[in-house]
Q: 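Okay, handing you the structure first.
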Amino acid sequence: MNMQNGSKSVVAVQVKELLSQMTLEEKASLCSGQDFWHMKSIKRLDIPSLMMTDGPYGLRKQTGAGAHIGQGESVPATCFPSLVTLGSTWNRDLAHAVGHAIGEEARAEKVAVVLGPGANIKRSPLCGRNFEYFSEDPFLAGEMAKSHIQGLQSTGVGASLKHYVANNQEYRRMMINAVIDERALREIYLAGFEIAVKKAQPATVMCAYNQVNGVSCSEHYRLMTQILKEEWGHTGLVVTDWGAINRRVDGLLAGIELQMPGTGESSDRAIVAAVKAGELSESVLDYAVERLLTLILERTAAVAEDSVYDAAAHHALGHKVATEGAVLLKNTPAILPLTDKVSVAVIGELAKAPRFQGGGSANVNPIQIDNAWDEMVKLMGPEHLSYAAGYDVKTDQVDPQLIAGACEVARTADVVVVFAGLTDIYECEGADRDHMQLPANHNVLIEAVAEVNPNTVVVLSNGSPVEMPWVDQVAAILEGYLGGQAGGSAIADILYGRANPSGKLAETF
């Protein structure tokens, strides 16, 4: 098989030739994965197996077999700021640049399709996965997703726009029925996906787990075929979210070309049996296989040759996104930026042990991690800075001794900078938040420190909005969101005026 890039017409001819040589069983086999991360190969026809990996804000290529979401099992990669941070830049060019960089890293790791970005609308601030989505506004979400996809696919690597559609909560995400009227469906839930599909043509679209108006997305003919393929003209294929398939033949009829992950040969046998029994037209199967072969032909060339990327340049790009995505929520009186004339008490364990990304399948094993304390020391020198932990980041329990120590340090400084936010136990894939509060020990710390020193600046690290009961007690609030591996240096540069906090809220506070 010719694996070189060619025009779409050349690829179409190659696809037809391959299809004509395939047996029914071989066609069916391409419709499900080989294992957790790979598509099936057909050695007889020299059709290779392509790899897909997670990667909405950085590549998560696992080093071993199996399904793991832990940070330690994947190869080192640049952890860019989460999509909530990128969304707050309102900067299409930055979204394109991040997508391109992730594509470069995917090529270097022989990954043909990156599972991202996510364009789901933020319908509740409690959704535990909001950090992976751009905005509550469909136009902003669609435009940023479009640019991200265009950047990624400019490297030859394919994108997977997800999770189509109405996956707006994590609680019972695999079974919930989203009941949505036509106007809301079109204007809110589908609009961002429509922009991204029409303008960027993602190689794949990932169907969601949930039902929409009583029909599972993996069997939803209207969503997957009539709207996505026929109305919007999507030329790629639809892949299930991992484990989202219910009845494989019904999914194929609805327009689901690829079932992931692989589950053995049961799905293949079901497709073959349905064709032989006259329950599934072989033309429907051929249509799906044509799209699968097109993806394979178009994306194999991207990973065929060895390639490298500039890790330092990618880190610098992450820094730029983190500064442009940070939002200055309050600055009265104009206490920021800080100068080298003031002494600063840095308080909060997150200053030294940053929370720079969300939890779940998007977890990236970062190449390096900047922390704000070290970066502030580099800028100002240790003589201008003091530090107190203030809380234990592993718990939300208030420790009076840590609070007292923080207040003692705060009293002696001109300005206090408190690092607070949501820890991994508060927001992650698979669970929604019960409330919008910060950990109790963070709130108590901020109130206590502000009482002894009103020149208090709060720097937040979180993936979605939080309550701020102390808003009137502090002088400034900087929403840093989840800044990725360069987030610490970005915050330090913002605090001292080396960079401007250019972010604009993409969601309601």
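Everything numeric here is computed off the predicted structure, so don't read it as measured data.
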Q: Between the main-chain N or O of L297 and the side-chain N or O of T300, is there a donor-acceptor pair closer than 3.5 Å?
A: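 No, the answer is negative, given that no donor and acceptor are paired below the 3.5 Å cut-off.
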Q: When rounded to the nearest 0.5 angstrom, what is the spacing between CD1 in I121 and CZ in F134?
A: 11.0 Å
Q: Would you give the length of the straight line joining atom CG of L115 to atom OG of S361, rounded to the nearest 0.5 angstrom?
A: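 Spacing of CG (L115) from OG (S361) equals 8.5 Å.
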Q: Classify the ring geometry between F36 and W242 as parallel (under 30°), tilted (30 to 60°) or perpendicular (over 60°).
A: perpendicular
Q: Is E170 paired with R173 through a side-chain N to carboxylate O contact shorter than 4.0 Å?
A: yes
Q: Check for a donor-acceptor pair, side chain of S49 on one end and backbone N or O of K40 on the other, with a separation under 3.5 Å.
A: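 Answer holds: no.
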Q: Would you indicate whether K198, at its atom NZ, is surrounded by more than 12 heavy atoms from other residues, nucleotides or ligands within a distance under 6.0 Å?
A: yes
Q: Work out which heavy atom in L293 is nearest to a heavy atom in L30; give both atom names and the distance.
A: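 Closest heavy-atom pair between L293 and L30: CD2-CD1, 3.8 Å.
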Q: Atom NZ of residue position K320 - does it have more than 12 heavy atoms of other residues, nucleotides or ligands inside 6.0 Å?
A: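 No.
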Q: What orientation do F131 and Y57 show, parallel under 30°, tilted 30 to 60°, or perpendicular over 60°?
A: perpendicular
Q: Between E73 and R60, does any NZ, NE, NH1 or NH2 come within less than 4.0 Å of an OD or OE carboxylate oxygen?
A: no
Q: Looking at E265 and R248, is there a salt bridge between them, counting it only when a charged N and a carboxylate O are closer than 4.0 Å?
A: no
Q: Should Q153 and I149 count as side-chain neighbours, where that means a heavy-atom distance under 4.5 Å?
A: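 Yes; the side chains approach each other to less than 4.5 Å.
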Q: Is the shortest side-chain N to carboxylate O distance from D306 to K110 below 4.0 Å?
A: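 Salt bridge: yes.
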Q: Can any side-chain N or O of E109 pair as donor or acceptor with the backbone N or O of V111 at less than 3.5 Å?
A: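 Answer holds: no.
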Q: Heavy-atom count check: over 12 atoms from other residues, nucleotides or ligands less than 6.0 Å from R44 CZ?
A: yes
Q: Run L228 and Y164 through side chain to side chain contact (heavy atoms under 4.5 Å, CB included) and show every step you take.
A: CA-CA 10 Å; L228 178 62; Y164 182 71; 3.8 Å; yes
Q: So how far is it from R355 CZ to S82 OG, rounded to the nearest 0.5 Å?
A: 8.0 Å
